[in-house]
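Have a look at the structure below, then the notes.
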Amino acid sequence: QVQLVESGGGQVQAGGSLRLYCAASGRIISIPTMGWYRQVPGKQRELVAHITRSGSTNYADSVKGRFTISRDNAKNTVSLQMNSLKPEDTAVYYCNAEIIATDIVVRSGNYWGQGTQVTVSS
């Protein structure tokens with residue numbers, strides 16, 4: 001079974017740093033896209049950053065210059081380095097990936113991790 005597991009969340013003061021990790025496991029053939037989303041109560045889940053297998057990246061305007069996404073294709077992992085954190089970065093962060101895997105048949109699917117809490121205090 002394919003699954004995504006996040007780690008690295010926690011509580012930090014404004015201006016601090018945190019690094020999130022996500023590992024994909026299962027009978028994986030390829031992961032075209034991996035990324036991070038975040039969600040706060042009362043709002044829709046929003047894209048933070050994503051990265052393709054070739055290394056092309058996109059970031060939300062609110063995190064440009066502060067966050068860096070990276071991936072290790074051999075290990076099927078993606079990381080999010082978060083620097084200069086602000087209180088408005090507080091949210092549950094979710095790992096997301098489009099994965100081509102082998103189960104009963106070869107198929108493509110969209111997978112989500114269970115989320116990790118990031119809290120930034122002033």
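Fair warning: this is a prediction, and the values are worked out from it, not measured in the lab.
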The test is side-chain contact (heavy atoms from CB on, under 4.5 Å); show your working for Asn96 and His50 and say whether it passes.
CA-CA 9 Å; Asn96 173 258; His50 72 84; over 6 Å; no
If you compare all heavy atoms of [X] against all heavy atoms of [Y], which two are closest, and at what distance to 0.1 Å?
X: Tyr21; Y: Trp36; value: O-CH2, 3.6 Å
X: Ser84; Y: Ser17; value: N-OG, 4.3 Å
X: Val118; Y: Leu20; value: CG2-CD2, 4.1 Å
X: Arg71; Y: Ile31; value: NH2-O, 2.7 Å
X: Pro32; Y: Ile100; value: CG-CD1, 4.2 Å
X: Val2; Y: Ala101; value: CG2-CB, 3.6 Å

Contacts of type side chain to side chain donor-acceptor pair (under 3.5 Å), residue Thr68, not counting sequence neighbours:
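Partners of Thr68 by the side chain to side chain donor-acceptor pair (under 3.5 Å) criterion come out as none, since no residue qualifies.
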Hey, what do you get for [atom1] ([X]) to [atom2] ([Y]), rounding to the nearest 0.5 Å?
X: Tyr111; Y: Glu98; atom1: OH; atom2: CD; value: 9.0 Å
X: Thr116; Y: Leu80; atom1: OG1; atom2: CG; value: 11.0 Å
X: Thr102; Y: Ile28; atom1: OG1; atom2: CD1; value: 10.0 Å
X: Leu85; Y: Gln11; atom1: CG; atom2: CD; value: 12.0 Å
X: Leu4; Y: Gln114; atom1: CG; atom2: CD; value: 10.5 Å
X: Glu46; Y: Gln39; atom1: CD; atom2: CD; value: 9.5 Å

Could you check Ser25 against Val5 for side-chain contact (heavy atoms from CB on, under 4.5 Å), going step by step and ending with a plain yes or no?
CA-CA 9 Å; Ser25 62; Val5 179; 5.9 Å; no
Is there a side-chain contact (heavy atoms from CB on, under 4.5 Å) between Arg19 and Ser79? Walk through the geometry before answering.
CA-CA 7 Å; Arg19 188 175 179 89; Ser79 298; 3.5 Å; yes
Neighbour count above 12 (heavy atom, 6.0 Å) for Glu88 CD
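Counting neighbours around CD of Glu88, more than 12 heavy atoms of other residues, nucleotides or ligands fall under 6.0 Å, so yes.
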Linked, directly or transitively: Val78 and Tyr37 (ILVMFWY side chains, under 4.5 Å):
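As far as the 4.5 Å side-chain criterion goes, Tyr37 and Val78 are not connected within one cluster.
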Tyr59 side-chain N/O to Ile69 backbone N/O, donor-acceptor pair under 3.5 Å:
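Pair found, side chain donor or acceptor close to backbone of Ile69.
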Could you tell me whether the side chain of Glu6 and the main chain of Gly115 form a donor-acceptor pair under 3.5 Å?
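Flag set: sc Glu6 to bb Gly115 pair under 3.5 Å.
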Lys/Arg N to Asp/Glu carboxylate O, Asp61 vs Lys64, below 4.0 Å:
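Between Lys64 and Asp61 there is a salt bridge, with a charged N closer than 4.0 Å to a carboxylate O.
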Should Met82 and Arg66 be marked as a side-chain contact (heavy atoms from CB on, under 4.5 Å) after you check the CA-CA gap, both sets of side-chain angles, and the distance that decides it?
CA-CA 6 Å; Met82 304 184 292; Arg66 300 188 298 119; over 6 Å; no
So Tyr94 and Trp112, would you call those rings parallel, tilted or perpendicular, with 30° and 60° as cut-offs?
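Perpendicular.
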Can you check whether Thr90 reaches Gln117 side chain to side chain, under 4.5 Å on heavy atoms?
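In contact.
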